[in-house]
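Notes for the one structure printed next.
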Amino acid sequence: MKKLMNTAGGYVDEVLAGLLAANPGMVLAGESGRNVARRAGVKAGTVGIASGGGSGHLPLFVGYVAEGLLSSCAVGNVFEGPNLASCMDAITAADGGKGVLLLFGNYGGDKMNFAMAAEMLAEEGVETRTVLGTDDIASAEPGDKAKRRGVAGIVYAYKIAGAAADAGMDLDEVARIAQKAVDSTRTIGVALTSCQLPGADAPTFEIADDEIEMGMGIHGERGIWRGKMRTASELVAEMIERITAELPLTAGQKISVLVNGLGATPLEELFLVYGETKKRLDALGVEIVLPLVGNYVTSMEMAGVSLSIITLDDELEPLLKAPAQCPFWKV
Amino acid sequence: MKKLMNTAGGYVDEVLAGLLAANPGMVLAGESGRNVARRAGVKAGTVGIASGGGSGHLPLFVGYVAEGLLSSCAVGNVFEGPNLASCMDAITAADGGKGVLLLFGNYGGDKMNFAMAAEMLAEEGVETRTVLGTDDIASAEPGDKAKRRGVAGIVYAYKIAGAAADAGMDLDEVARIAQKAVDSTRTIGVALTSCQLPGADAPTFEIADDEIEMGMGIHGERGIWRGKMRTASELVAEMIERITAELPLTAGQKISVLVNGLGATPLEELFLVYGETKKRLDALGVEIVLPLVGNYVTSMEMAGVSLSIITLDDELEPLLKAPAQCPFWKV
Amino acid sequence: MGFSSHDIGAAIALLAVKLPDLEQDLNRADAKLGDGDTGTMLARVISALASVTPPGNDVGAAFSAYGRATAMATGSSLGTLIATAFLTAAKATKGRESVAWSEISPLLADARDAMLARGGASLGDKTVLDGLDAVAAATQDVEDPEALGKSAATAARWALDSFRDKPNKIGRARMFADGSKGLDDPGMLALVRVIEIIGER
Amino acid sequence: MGFSSHDIGAAIALLAVKLPDLEQDLNRADAKLGDGDTGTMLARVISALASVTPPGNDVGAAFSAYGRATAMATGSSLGTLIATAFLTAAKATKGRESVAWSEISPLLADARDAMLARGGASLGDKTVLDGLDAVAAATQDVEDPEALGKSAATAARWALDSFRDKPNKIGRARMFADGSKGLDDPGMLALVRVIEIIGER
Ligand SMILES: Nc1ncnc2c1ncn2[C@@H]1O[C@H](COP(=O)(O)OP(=O)(O)O)[C@@H](O)[C@H]1O
Ligand SMILES: Nc1ncnc2c1ncn2[C@@H]1O[C@H](COP(=O)(O)OP(=O)(O)O)[C@@H](O)[C@H]1O
Ligand SMILES: [Mg+2]
Ligand SMILES: [Mg+2]
Ligand SMILES: [Mg+2]
Ligand SMILES: [Mg+2]
């Protein structure tokens, strides 16, 4: 696979430099060189939200540092958790004295580094709560949510928690709402092609020209089944069936839906998939609020799509609809 | 190549249905089923802007039907010009009595169909002017601009002409400004991989795993040279050199730059390319206004990047910066 | 002796059966010079034409219906030119139930001129119109349908061969005129195939 | 008889030379179970360690410097655990210029416990820590460095072999526990290779 890059070693820092150069609302904060914060800082008297994660998923994670979304974000190497220093920088940058919600995906390295950083900063009086993205239904049984991976659905938690924080809610309340957003969200993805780490000499996995993998993770972690390519209609039917098996949707229920491209999928196909999705959701009688179609959480050059659904109530809906000003998602 | 689709015959209409379902600001207008207009219609007393083109380039063309940009857009089959009926619908939908600017890429089928439509509607008193996108410097010599293809740079003309129209300027003025925007813009692209028409049994062109093609068109039309992959730094150097050879940039000149993904290129790589681009432009002493990095004009699943530069003066700059509310580009 | 709207319908039905086999060949020819869609576009146009039922026996009305169907099916360069050709022929044959075989040549010449005007090409630019020009010339005053088919096929093939090493001067292939030397123009190639298929009857 | 901070530096220098050869192998093992980056990550960590100059002769200070360098180089699961191990060893060896070979076993056991606490895994989950546990047991009371290397290598290899057909219960591979049977855990595999390389001296 060809990559527009210079050296594998410089990849992440060069990407970050370009991102910052193009987006004046974001700045590096701290000493690690791997934490991005809002230029405007944390609004006085509000809870901060720090996230973080490996590189290779843009706009996730760092792209969502913006008003109404994240306060700061620690940036790891490609598909690796953010290091300790960057997590400390992220928490520090998000701390406006009202505490910091740590909101990131359920992966080992990420958890360890944020936990260490939070422990160290607790000694300095910084209060934190942690909420993990665990929306990938393909990654463990419903009874085993603590094992589930966090994937595209985390952007709903960002948006909703971000609005709660900006509205001045306190740390426990922001954490409760973030957890509620996570608990209301389910995602499943289907991969069509692989991706490759900068510097690696082969793709992360092999997949035949006519094969797809249902349930694959955003780093190429194994999914539920691998088989022949199917029509968009068949794929959407299966994905919605799997999601609604554990997130029952009754007529009148308000939901939002995210049709997310994994990186290399043409926007045409994402809209086609959205059309199929909407047809099936309409048949269930649910009401779709603020549908999202585009590349929100990617795996570099992986082709494929994920479908996320979040159920909304009177508490979550206004928070989802609250304004946000991110270069990749404006509400 | 695997595509998330159902049947080749239904591809364009299903994509369009999904796009419309996700974007309530856009509606079908006319009888052709292939013209999209702003739901709000043409603002009274203003010039309309109609565009059109083949499918497979989203967000171009139809994605830019929005306040501050296009009034309407005729939608052709994949990589084919829009048909006569859709061109007539587009012009009709954009006509608020003050005339319509036809602003589209310099391709044979597109030109013929818009010309026929304009001739037929002229009989009904609809006044039109035509401005063609011709920004691709790889497609003909500088002296032969009438032969040049229109590629990513057309979005600058959309934005600038759209602002002029919304500001109430008359048809001749909007056309003059659109032409000035086109004349001030240059683009060159480099393709890393091919794309494939829905239903075709092979990619549009073959390209080796370690090869790239400089100057390739957005339908896979041949470029300037084909050779081994190079570093992002080398590629950007060549692209800027070729652009500045005919768009001289002196210190203090205000410009905007678009680093455009061709469809399958990760956002990471686009930001990395932007970083390289900015370094080189900073060295020239120019001032970058409103840089754009993302997928603005694509070729389905083609991987690669194009670089567009527009020089700005006191007339164009405020028009570029004027507000616009498109799902894919908010200013 | 001549052709009726029924004959046109039969020729189209035949093309609808045979053209899908050529689709990928024509795409490949266009991929070398343009955007690789000539075959897919033509197959779609022909299948749209095959589902047209011309109103009554008026040859002109049939051509007009085919022209409109073509214009609905595509906005590509070649497709739009084909629509132009149909609509031009429609005017010349309006109200007639039969058209003499010998009229084909002037009809083609008319269509050629209308297409030159619409597309802005010149003869010699290495397009489908150079093929058509050769066919119009070769079929002049030929009254026997079989001989007509043969002359048309020979002329179209001759044009293809004799233009192969010239540069394309218009259409997508214009961009690298010299690079187009040695390659078949997809429009000319399509014309050869279409004439061959119709002639097979 | 024991090792100094100079010995640690020499082992790291050796790894820095040898590990790049293993990078893609380790990636491939991780690609089957996780995200395919174990080798790339380790190679980066080792190359970062190789450019560390430990301050003075304090073994504890050296471990501390290596721990910080590892933590700077990565935030991956395995990398973070390695950093934890270095920092744990740093505490136990602070202020000492030489550490007896026989202390390696308790140092490893300490590191193992710190990593279990940090990562939330249990012994038996089929991770690098099961390998380490076996190595700590096999090296107990061994005082000869050569014998130490041999026992460590044998134990790490034994752990890899005996866990191969068990399911992974933590880390990315947990997701499809049964699917992981028959596959080498990349962390355990890395441990085997690292011990083999160091033992070669
Ligand atoms: N302006 C023109 N005048 C005459 N023939 C043309 C013109 N443009 C294209 N053609 C013909 O059409 C063919 C290409 O057809 P097609 O691939 O369907 O069009 P497109 O370039 O729109 O993809 C060319 O090979 C050429 O013969
Ligand atoms: N929580 C954990 N406790 C112990 N070892 C772990 C844990 N998570 C991962 N590992 C070890 O790390 C290895 C994976 O390392 P690596 O690929 O670098 O991490 P990542 O999963 O972050 O990509 C696994 O094979 C396993 O041996
Ligand atoms: Mg990893
Ligand atoms: Mg075409
Ligand atoms: Mg073509
Ligand atoms: Mg890994």
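The basis for the numbers below is simple: all heavy atoms, side chains too, and nothing from hydrogens, waters or symmetry mates. Residue numbers start from 1 in every chain, and the chains themselves are labelled A, B, ... in the order their sequence lines are given, proteins ahead of strands.
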Write down the atom of B:E269, the atom of A:E301, and the distance for their closest heavy-atom approach.
OE2-OE1, 4.2 Å
Only pairs of heavy atoms separated by less than 4.5 Å count here; which of B:A21, B:A17, B:G63, B:A303 has the most with chain A?
B:A21
Side chain, backbone, both or neither of B:F328 within contact of chain A (heavy atoms, under 4.5 Å)
side chain
Quick check: do B:L267 and A:P59 have side-chain heavy atoms less than 4.5 Å from each other?
yes
When rounded to the nearest 0.5 angstrom, what is the spacing between CE in B:M1 and OG1 in A:T193?
10.0 Å
Under 3.5 Å, is there a donor-acceptor pair between the side chain of A:K278 and the main chain of B:G18?
no
Closest contact, heavy atoms only, B:K2 versus A:I212
CD-CG2, 4.0 Å
Determine the option with the most heavy-atom pairs under 4.5 angstrom with chain B, choosing from A:G275, A:P291, A:G56.
A:G56
Count the heavy-atom pairs under 4.5 Å between each of A:R230, A:K330, A:E234 and chain B, then report the option with the highest count.
A:K330
What part of A:L235 lies closer than 4.5 angstrom to a heavy atom of chain B: side chain, backbone, both or neither?
side chain
Can you tell me how far apart CG (B:L20) and CZ (A:F271) are? Round to the nearest 0.5 Å.
9.5 Å
Donor-acceptor pair, B:E268 side chain versus A:L58 backbone, under 3.5 Å?
yes
B:M302, B:K279, B:E211: which one forms the most heavy-atom pairs within less than 4.5 Å of chain A?
B:E211
Quick one: what part of B:M229 sits under 4.5 Å from any heavy atom of chain A, side chain, backbone, both or neither?
side chain
More than 12 heavy atoms from other groups under 6.0 Å of CG on B:D210:
yes
In the structure I gave you, are the side-chain heavy atoms of A:L4 and B:V305 within less than 4.5 Å of one another anywhere?
yes
Rounding to 0.5 Å, atoms CD (B:E276) and CG (A:N6) come to a distance of 4.5 Å
For residues 276-304 of chain B, the ring pair (Phe, Tyr, Trp, His ring centres under 6.0 Å) pairs (sequence neighbours left out) are B:Y296-B:W329
